[in-house]
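One structure is given below, encoded as structure tokens.
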Amino acid sequence: MNGNGLSSMESEYIRRHHRHEPAENQCSSALVKHIKAPLPLGLVFVWSLVRRFDQPQKYKPFISRCVVQGNLEIGSLREVDVRSGLPATTSTERLELLDDDEHILSIRIIGGDHRLRNYSSIISLHPEIIDGRPGTLVIESYVVDIAEGNTSDETCHFVDALIRCNLKSLADVSERHAVQDHTEPIDRM
């Protein structure tokens, strides 16, 4: 572990895939989640959820609806409706990168009714071993303008909390699916 609580491998993945250059009025962070979804599902199943730019509500609990304009390709736009309880109602987001070989997705928020101005995020997936079994390391990083009336720490704390919730939900959905997929039916007599 290094000084920021990351393993050397996590730090290397962040250095390689999560390049953000925050301006003076921005904050940035990277969060990691270890998902115990064993092979053959593992990374493949987790990626099948993450890569769905058109269906983020499959694992993001704060999204109630998503409509994509046009084909699913770099530059595609999605209109997202946010569930009540957050200081937002809608978000317009553009797909910046979708790399099925490296398992990397990047989006940029370009509009909507919320406080996340100039928000850009990258999420990457990497195979790993968790407790001696295959699993998936998920890293999500972002850069965003510091919200008016807030400090850098307050803005990052808010966004980190949203991402942690999304990553926990992604892990819950993936691990639940892995358990269901590995449950054998009982033969009845």
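If you read the sequence from its start, that first residue is 1, and numbering goes on from there.
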#### Entry: Arg65: partners by side-chain hydrogen bond (donor to acceptor under 3.5 Å, both in side chains), with sequence neighbours left out
Asp81

## Note on the structure
Taken in chain and number order and not counting sequence neighbours, the residues that satisfy side-chain contact (heavy atoms from CB on, under 4.5 Å) with Ser48 are Phe45

### Query
Is the count of non-hydrogen atoms from other residues, nucleotides or ligands lying under 6.0 Å from Glu21 atom CD greater than 12?
no

### Query
Quick one: salt bridge (Lys or Arg N to Asp or Glu O under 4.0 Å) pairs with a partner in residues 110-124, sequence neighbours left out?
none

### Summary
For Tyr13, the ring pair (Phe, Tyr, Trp, His ring centres under 6.0 Å) test, sequence neighbours excluded, returns His126

Which donor-acceptor pairs under 3.5 Å do side chains of residues 138-148 form with protein atoms, sequence neighbours excluded?
residue: Ser141; atom: OG; partner: His18; partner atom: ND1; Å: 2.6
residue: Ser141; atom: OG; partner: His20; partner atom: NE2; Å: 2.8
residue: Tyr142; atom: OH; partner: Cys156; partner atom: O; Å: 3.2
residue: Tyr142; atom: OH; partner: Asp160; partner atom: OD1; Å: 2.7
residue: Asp145; atom: OD1; partner: Gln26; partner atom: NE2; Å: 3.0
residue: Asp145; atom: OD1; partner: Asn118; partner atom: ND2; Å: 3.4
residue: Asp145; atom: OD2; partner: Asn118; partner atom: ND2; Å: 2.7

### Query
Sequence neighbours excluded, which residues qualify as side-chain hydrogen bond (donor to acceptor under 3.5 Å, both in side chains) partners of Arg19?
none

### Query
Which residue pairs pass the salt bridge (Lys or Arg N to Asp or Glu O under 4.0 Å) test when at least one of the two sits in residues 90-100, sequence neighbours left out?
Arg51-Asp100, Arg78-Glu93, Arg94-Glu96, Glu96-Arg108

### Task
Run through the side-chain heavy atoms of Ile, Leu, Val, Met, Phe, Trp and Tyr, join any pair under 4.5 Å, and report what else lands in Ile122's cluster.
Leu97, Ile104

### Message
Using side-chain heavy atoms (C-beta onward) and a distance below 4.5 Å, is His103 in contact with Leu43?
### Response
yes

#### Entry: With Glu102 via side-chain hydrogen bond (donor to acceptor under 3.5 Å, both in side chains) - residues at least two apart
none

### Task
Taking side-chain hydrogen bond (donor to acceptor under 3.5 Å, both in side chains) as the test, write out the residues that go with Thr136, two or more places apart.
none

### Task
State which residues pass salt bridge (Lys or Arg N to Asp or Glu O under 4.0 Å) with Lys168; sequence neighbours excluded, sorted by chain then number.
Asp172

### Query
Using links of under 4.5 Å between side-chain heavy atoms of ILVMFWY residues, direct or through other members, which residues join Ile110 in one cluster?
Leu77

